[in-house]
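Inspection log for the structure reproduced underneath, given as structure tokens.
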Amino acid sequence: MNPIQETLEELRRVAGVKGCMVVTNDGLVVAQSLGPRYREDIVAGLSSYLAMSTNKALEEGGLSGFESFTLHAAHGKSVLWSIGEAILIVLMDQFAEVESARRDIQAAAQRLRRTARIS
Amino acid sequence: MNLIQRLKIWKELRRLEARVREEPSPGTFVDLGQVFINLDMAERALQAADDGLLLFPDSTELKKLRTFARRAVDRVRIDELRERIAKNPNGKLYSELAAVQSEAGDQGAVHATCEEWSVRFPHDAGPWMWLGQSHLQAFYRSIAARDGGDAVQCLERAIGLEPKNIRARILLAELFYRIGSTQRARTLLDAVPREGDDGDLQNLRRQVSAARPLGSDVDSLLRAAEDNGMLPNAPPTAAVPVHGDEGIASIRDALAAIAEMEGVEKAAYIRGTRALVKGDIKDGKDPFLRTVRVVAKAGHRFSRRLDIGSFKRGVVQGPFGVLCICCYGEVLAAVQCEASAPTERILAELQEVVASSLYAMGVQQ
């Protein structure tokens with residue numbers, strides 16, 4: 001198992017995390033640990049769309065790109081974490097404590113960033 | 001259209017869909033909608049227009065696209081209903097057809113449908129209800145005695161065919177009350193059981209019992225209204241406790257309080273095309289408003305398509321600090337603050353602003 005996949009598998013074990021994935025900014029899947037509930041092409045496309053639209057809107061407003069985007073919806077939560085040329089997406093259930101999982105997500109993002117730099 | 005042309009259009013469609021995502025502008029949404037229309041996908045065109053209007057609510061071309069697509073969707077629905085009526089005519093299908101035609105604003109078509117419906121089903125009160133409502137609408141708009149007389153005739157016929165038709169009784173009672181025939185209005189309302197009274201009906205009953213009777217000859221009362229160019233009695237007023245101005249004032253105060261919280265730089269409340277701003281924002285043209293609108297819209301789309309319900313809250317962090325967004329439907333409250341600001345408290349306050357504004361608007365959550 002490569003280090004990126006290993007990091008994702010580890011992150012998946014955090015309480016409330018239903019799946020996670022790394023995609024490039026333009027939506028290509030780098031690695032994923034999603035399980036059967038989600039389709040990787042859909043999650044990748046939507047995450048890339050959300051990240052690109054958000055960054056574009058921020059730039060137009062005179063702000064720089066985002067580092068993290070935490071989204072709460074009626075039946076689930078998601079966290080998008082920028083790792084340079086790619087994004088780490090973490091999908092969580094609606095009862096998950098995002099704040100308590102945040103440290104694990106941040107650590108995973110840092111590890112992924114380092115791995116990407118080495119490779 | 002041959003296969004090659006169709007393939008070319010599909011290719012163009014994919015390109016435009018990508019463009020809408022990458023460079024959203026009224027033009028790109030209109031181009032996408034146009035391709036959907038060429039492919040006879042009116043509902044997708046309507047969706048494209050609606051998506052575009054969320055980002056660019058003032059765009060005239062997007063509004064035109066929406067009207068055009070809406071008409072196309074209605075046309076498809078009307079053709080479908082006509083086909084089903086030809087095969088198996090029944091009152092429910094005629095009612096659906098009249099509803100679509102009425103929504104499309106084609107009163108002539110509503111009348112034609114009702115005429116056909118009443119000939120085929122002479123004991124059905126439905127066509128007379130639709131005709132009554134159509135004449136009533138015209139009467140309240142133009143105060144022409146003829147429309148009023150037609151409305152009375154149709155609604156009375158609907159009641160004759162279906163004596164338990166409460167809606168027809170209420171509409172007729174309101175018309176009688178508005179023209180000053182309060183005794184007839186009271187008689188009609190007395191026949192409506194009080195158990196099911198909603199706020200509107202309670203107001204109507206209250207105003208009817210307080211109004212001064214002006215006569216009982218409906219024809220002369222209608223003519224008098226036409227001659228005067230106005231109706232003697234005002235419409236029943238809704239008993240909503242919170243007035244628009246008071247609601248706005250409370251939102252403004254709450255927003256001002258948020259803007260004064262530690263680390264908060266900008267605060268905005270957006271509802272449709274209107275916005276209230278506080279903090280370091282000059283006016284409604286500040287790019288912050290567009291930024292939070294687009295982020296919320298993207299969040300909505302992401303959540304819905306991922307099947308996790310509607311987007312409620314978002315926290316975007318970056319070198320600029322933090323953006324906190326709370327929304328419900330078309331109402332949105334957002335803040336830009338420093339990274340050290342208490343985001344959980346700010347989000348709770350924003351949620352409060354959104355919830356109280358929905359209450360002020362009378363929207364049930």
Side-chain angles (χ1 to χ4, degrees), chain A residues 18-19 21 25-27 34 37-82 87 89-100 102 105-106 109, chain B residues 17-25 51 54-55 265-266 268 281 285-329 334 336 339 343-344 347 350-351 365:
Chain A
K18 295 278 157 206
M21 179 183 230
N25 287 338
D26 49 8
L34 287 177
R37 197 182 145 188
Y38 301 101
R39 268 181 54 187
E40 67 169 71
D41 55 339
I42 291 178
V43 178
L46 287 173
S47 307
S48 159
Y49 156 74
L50 180 60
M52 278 167 79
S53 308
T54 303
N55 277 335
K56 193 164 166 50
L58 290 169
E59 275 163 29
E60 281 172 1
L63 308 170
S64 50
F66 73 88
E67 281 164 2
S68 73
F69 185 164
T70 310
L71 181 150
H72 296 238
H75 310 298
K77 295 170 184 171
S78 307
V79 179
L80 272 72
W81 208 290
S82 169
I87 318 152
I89 301 111
V90 184
L91 303 172
M92 306 170 92
D93 65 45
Q94 74 229 65
F95 309 109
E97 292 284 340
V98 179
E99 278 315 305
S100 51
R102 201 170 178 80
I105 299 171
Q106 192 168 3
Chain B
E17 280 179 324
R19 245 185 95 200
V20 159
R21 279 197 304 272
E22 287 156 15
E23 303 164 38
S25 75
D51 288 350
L54 273 171
L55 295 177
E265 292 161 9
K266 299 176 178 187
I281 298 187
K285 287 175 187 162
D286 194 288
F288 171 69
L289 297 178
R290 189 178 139 71
T291 302
V292 291
R293 257 198 193 116
V294 175
V295 174
K297 166 77 188 144
H300 268 304
R301 225 184 221 188
F302 175 86
S303 315
R304 290 221 185 112
R305 300 210 174 153
L306 203 58
D307 213 12
I308 54 170
S310 48
F311 172 68
K312 302 274 180 210
R313 294 195 293 170
V315 180
V316 183
Q317 292 179 310
F320 50 83
V322 183
L323 288 187
C324 300
I325 303 170
C326 263
C327 47
Y328 189 101
Q336 183 180 341
T343 46
E344 276 307 311
L347 280 167
L350 290 176
Q351 206 154 355
Q365 288 190 76

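Just so we're on the same page: letters track the sequence lines, and every chain starts at 1.
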Option from A:L63, A:L80, A:L58 for which side-chain contact (heavy atoms from CB on, under 4.5 Å) with B:V316 holds
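That would be A:L58.
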Check whether A:S82 gets within reach of chain B through its side chain, its backbone, both or neither, counting any heavy atom under 4.5 Å.
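Contact with chain B: none, neither part.
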I'd like to know which of [options] tops the heavy-atom pair count under 4.5 Å against chain A.
options	result
B:V292, B:L323, B:V295	B:V295
B:V294, B:L306, B:D307	B:L306
B:I325, B:V315, B:V322	B:V315

What is the minimum heavy-atom distance between [X] and [Y], and which atoms define it?
X	Y	result
A:L71	B:S303	CD2-OG, 3.5 Å
B:G299	A:L50	N-CD1, 3.7 Å
A:G65	B:P319	O-CD, 3.5 Å
B:K297	A:Y49	O-OH, 4.4 Å

Less than 4.5 Å to any heavy atom of chain A: does that hold for the side chain of [X], its backbone, both, or neither?
X	value
B:E22	both
B:F288	neither
B:R305	both

Can you check whether [X] reaches [Y] side chain to side chain, under 4.5 Å on heavy atoms?
X	Y	value
A:K56	B:P24	yes
A:T70	B:R313	no
A:F66	B:Q317	no
B:P287	A:E60	no

With rounding to the nearest 0.5 angstrom, report the [atom1] to [atom2] distance, [X] to [Y].
X	Y	atom1	atom2	result
A:K77	B:K312	NZ	NZ	13.0 Å
B:C326	A:H72	SG	NE2	9.0 Å
A:K18	B:I308	NZ	CD1	13.0 Å

Largest heavy-atom contact set with chain B, pairs under 4.5 Å, which of A:G76, A:S68, A:G61:
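Counting heavy-atom pairs under 4.5 Å, the top option is A:S68.
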Stepwise, does the side chain to side chain contact (heavy atoms under 4.5 Å, CB included) test hold for B:F302 with A:S47?
CA-CA 7 Å; B:F302 175 86; A:S47 307; 3.9 Å; yes
